[in-house]
Colleague: 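Handing you a structure now.
Whatever order the structure lists them in is the order used to number ligands and atoms, beginning at 1.
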Amino acid sequence: MKIAIIGSGYVGLVTGTCFAHLGHAVLCVDNNKDKLRLLKQGKSPIYEPGLEQMIRENVKEGRLKFTASIAEAVRKCELLFISVNTPPKENGEADLSFIENVSQEIARNLKSYRLIIEKSTVPVQTGEWIYKTIRARAKHSLFDVASNPEFLREGSAVHDFLKPDRIVIGVSSARAEKLLRKLYEPLKAPLVVTSLASAGLIKHASNSFLATKISFVNMLARICDAAGADIEQVARGMGLDPRIGASFLKAGIGFGGFCFPKDLSAFLKMSERLGMRFDLLQEVLDINESQKQYFVRKIEQAVWNLRGKKVGVLGLAFKADTDDMRFAPSIDIIAALQKEDVKIQAYDPQAVSNARKVLSGVRFVKNPYEAARGVDALLVLTEWSEFLTLDFKRIRKTMNRALMLDGRNLYNPADMKRLGFEYHSVGRSVPAQLA
Ligand code: NAD
Ligand code: UGA
């Protein structure tokens with residue numbers, strides 16, 4: 001099938017490359033010239049495990065091409081995916097202007113039947129708006145609009161796309177359903193066929209529910225700290241109940257990324273518009289914000305006075321295996337420390353170039369050992385697996401004080417103690433003799 005992907009970011013580029021891998025002819029569209037230049041050289045503008053190799057292979061086979069022209073995409077491809085960004089506005093609503101711009105451009109170029117598939121995460125009535133926008137400007141009504149929300153996670157995006165738990169398609173015509181069934185048939189995944197509105201709601205509800213689990217476990221972790229219990233034991237004891245499930249019960253410094261924070265805010269706003277107060281979601285967001293400050297307070301308690309201290313940071317990305325800094329908890333934690341005149345030196349394996357754009361006054365260093373040199377405390381803010389196998393004796397020796405605050409519960413407290421560190425984590429403040 002001939003497929004265009006309009007918006008070649010984290011979702012669009014993975015989607016396009018994976019469809020090409022499945023044998024389709026794919027045209028990825030983006031209006032960012034720097035991204036297109038890199039892509040045309042066979043380089044991935046984002047760090048996503050396995051993606052760059054796959055881009056190169058499919059470009060070489062002639063199945064994956066790149067362009068800046070939506071007109072070309074509409075002319076050549078029957079299936080047009082929209083996967084542009086939907087950033088939050090000041091008031092928390094999703095900014096849908098990128099979607100509208102693309103819809104208008106599609107309308108101007110529509111000559112024969114096209115299926116327009118909404119893949120960005122959007123409020124429930126967006127499909128209707130896309131339809132109305134195109135219908136008002138196109139010369140004919142030979143088109144369908146469908147919704148196909150994406151559930152991939154950054155860091156495992158290629159795997160998630162090719163081996164999905166489920167594929168949700170929201171359709172309003174038999175023709176659209178037939179085309180999407182054919183497109184996804186090779187993935188052999190459970191297909192949930194719904195109305196456009198239900199498909200959009202499934203996406204917002206799924207992200208909101210996962211974020212709720214995280215805030216729940218983070219609040220529980222604070223209770224564990226206060227009560228002398230261990231959140232890992234509590235989460236395991238809960239998670240073995242299949243009705244609860246073990247995933248998304250990892251306590252830490254709160255959720256970040258381009259998805260949960262903005263999607264929850266957008267869902268909250270959309271519920272308000274529909275006349276509903278979804279206060280639970282506000283509480284989930286509030287707990288998430290205060291979780292970062294909770295960690296900052298832990299740091300303060302451990303160093304006594306923050307003012308004038310030097311702190312090393314291991315990990316900046318919002319989670320491991322990505323270079324994405326959007327809404328990363330590290331941003332707020334570092335800002336809170338800098339407000340107290342704390343000097344920061346930080347290391348991240350992949351996110352430094354994006355971090356430079358959002359963090360100022362930070363000294364970025366080339367490896368974890370430089371991050372630890374001469375500091376009063378070392379913080380773990382992203383759970384990169386390379387942090388598991390560091391030479392901790394070397395690290396301890398170069399630190400001003402052997403104090404480690406682990407925001408991702410990466411290490412075993414007893415091991416850290418044996419290695420000579422004063423070690424604090426989240427929800428695991430069990431006195432050693434009772435652990
Ligand atoms: P992104 O910012 O990485 O990518 C969006 C791309 O669209 C950018 O490259 C931008 O240049 C391009 N673009 C914007 N306007 C354009 C236009 N008029 N013409 C051509 N290109 C245009 O964003 P993303 O992370 O890929 O997210 C895209 C959507 O998918 C969002 O709604 C997001 O919520 C949703 N989503 C993201 C993820 C994720 O893991 N990042 C997962 C599921 C869903
Ligand atoms: C999330 C969802 O998992 C995807 O299904 C969805 O497609 C995507 O959002 C989206 O809609 O864009 P992603 O943001 O890439 O994917 O990453 P997650 O693995 O879900 O992690 C999100 C945040 O929650 C990270 O900051 C992570 O550190 C945090 N987290 C996750 C926890 O603090 N504890 C957990 O147990 C799990």
Colleague: Can you label the angle between the Phe260 ring and the Phe255 ring as parallel, tilted or perpendicular, going by 30° and 60°?
Modeller: perpendicular
Colleague: Please say whether the positively charged group of Arg166, taken as NZ for Lys or CZ for Arg, lies over the ring of Phe151, i.e. under 6.0 angstrom from the six-membered ring centre and within 45 degrees of the axis.
Modeller: yes
Colleague: Against ligand 1, does Val102 come closer than 4.0 Å with any heavy atom?
Modeller: yes
Colleague: Checking a contact table here: which protein heavy atom is nearest atom 35 (C) of ligand 1, and how many Å away?
Modeller: Thr121 OG1, 3.4 Å
Colleague: Counting both backbone and side chain atoms, is some N or O of Lys119 under 3.5 Å from an N or O of ligand 1?
Modeller: no
Colleague: If you measure from atom 25 (O) of ligand 1 to every heavy atom of Arg326, Lys35, Glu154, which option wins on shortest distance?
Modeller: Arg326
Colleague: Mark yes or no for whether Asp321, through its side chain, and Trp384, through its backbone, hold a donor-acceptor pair below 3.5 Å.
Modeller: no
Colleague: Would a distance-only check, ignoring hydrogens and angles, find a side-chain to backbone donor-acceptor pair under 3.5 Å from Ser208 to Leu264?
Modeller: no
Colleague: Which ligand 1 atoms does Asn32 reach within 4.0 Å, using its non-hydrogen atoms?
Modeller: 11 (O)
Colleague: Answer yes or no: is there a donor N or O on one side and an acceptor on the other, between the side chain of Ser44 and the main chain of Glu52, under 3.5 Å?
Modeller: no
Colleague: Which atoms of ligand 1 are found less than 4.0 Å from any heavy atom of Ser120?
Modeller: 29 (C), 30 (O), 32 (O)
Colleague: Is there a donor in the side chain of Gln53 and an acceptor in the side chain of Glu57, or the other way round, less than 3.5 Å apart?
Modeller: yes
Colleague: Do me a favour and list the nearest non-hydrogen protein atom to atom 37 (C) of ligand 1 with residue, atom name and distance?
Modeller: Val11 CG2, 3.1 Å
Colleague: Have a look at ligand 1 and work out which part of Glu118, if any, has a heavy atom under 4.0 Å from it: side chain, backbone, both or neither.
Modeller: neither
Colleague: Do the rings of Phe392 and Tyr411 sit parallel, tilted or perpendicular, given the 30° and 60° boundaries?
Modeller: perpendicular
Colleague: Answer side chain, backbone, both or neither: which part of Cys259 comes under 4.0 Å from ligand 1, heavy atoms only.
Modeller: side chain
Colleague: How does Phe98 reach ligand 1, if at all, at less than 4.0 Å between non-hydrogen atoms: by side chain, backbone, both, or neither?
Modeller: side chain
Colleague: Indicate whether any N or O donor in one side chain lies under 3.5 Å from an N or O acceptor in the other, for Asp323 and Tyr10.
Modeller: yes
Colleague: Please confirm whether Tyr10 comes within less than 3.5 Å of ligand 1 when only nitrogen or oxygen atoms on both sides are compared.
Modeller: yes
Colleague: Write down, by chain and number, every protein residue that brings a non-hydrogen atom to less than 4.0 Å from an atom of ligand 2.
Modeller: Glu150, Phe151, Leu152, Arg153, Glu154, Lys203, Asn207, Ile214, Phe248, Leu249, Lys250, Phe255, Gly256, Cys259, Phe260, Asp263, Phe318, Lys319, Arg408
Colleague: Using only atom types and a distance under 3.5 Å, with no angle test, would you say the side chain of Glu383 pairs donor to acceptor with the backbone of Lys319?
Modeller: no
Colleague: Thr86 to ligand 1: N or O pair under 3.5 Å?
Modeller: yes
Colleague: Using a heavy-atom cut-off of under 4.0 Å, does the side chain or the backbone of Leu152 touch ligand 1, or both, or neither?
Modeller: both
Colleague: Could you tell me whether Asp225 and Arg222 have a side-chain N and a carboxylate O separated by less than 4.0 Å?
Modeller: no
Colleague: Assess Lys250 against Phe248: is NZ or CZ under 6.0 Å from the centre of the six-membered ring, and within 45 degrees of the ring's axis?
Modeller: no
Colleague: Taking a cutoff of less than 4.0 Å between a non-hydrogen atom of the residue and any ligand atom, is Glu105 in contact with ligand 1?
Modeller: no
Colleague: Would you kindly specify which portion of Arg153 sits under 4.0 Å from ligand 1, judged on non-hydrogen atoms: side chain, backbone, both or neither?
Modeller: neither
Colleague: Which of the numbered atoms in ligand 1 are under 4.0 angstrom from any heavy atom belonging to Ser83?
Modeller: 5 (C), 28 (C)
Colleague: After noting the C-alpha distance and the side-chain angles of Lys65 and Val26, does the key distance pass the side chain to side chain contact (heavy atoms under 4.5 Å, CB included) rule?
Modeller: CA-CA 6 Å; Lys65 298 199 166 105; Val26 178; over 6 Å; no
Colleague: Return the closest protein heavy atom for atom 33 (C) of ligand 1 as residue, atom name and distance.
Modeller: Lys262 NZ, 3.7 Å
Colleague: Both conditions, 6.0 Å and 45 degrees, for the charged tip of Arg114 above the ring of Phe143: are they met here?
Modeller: no
Colleague: What residue and heavy atom of the protein are closest to atom 28 (C) of ligand 1, and at what distance?
Modeller: Val84 O, 3.4 Å
Colleague: Determine whether a donor-acceptor pair (N or O, by modelled atom type, separation under 3.5 Å) exists between the side chain of Ser330 and the backbone of Leu316.
Modeller: yes
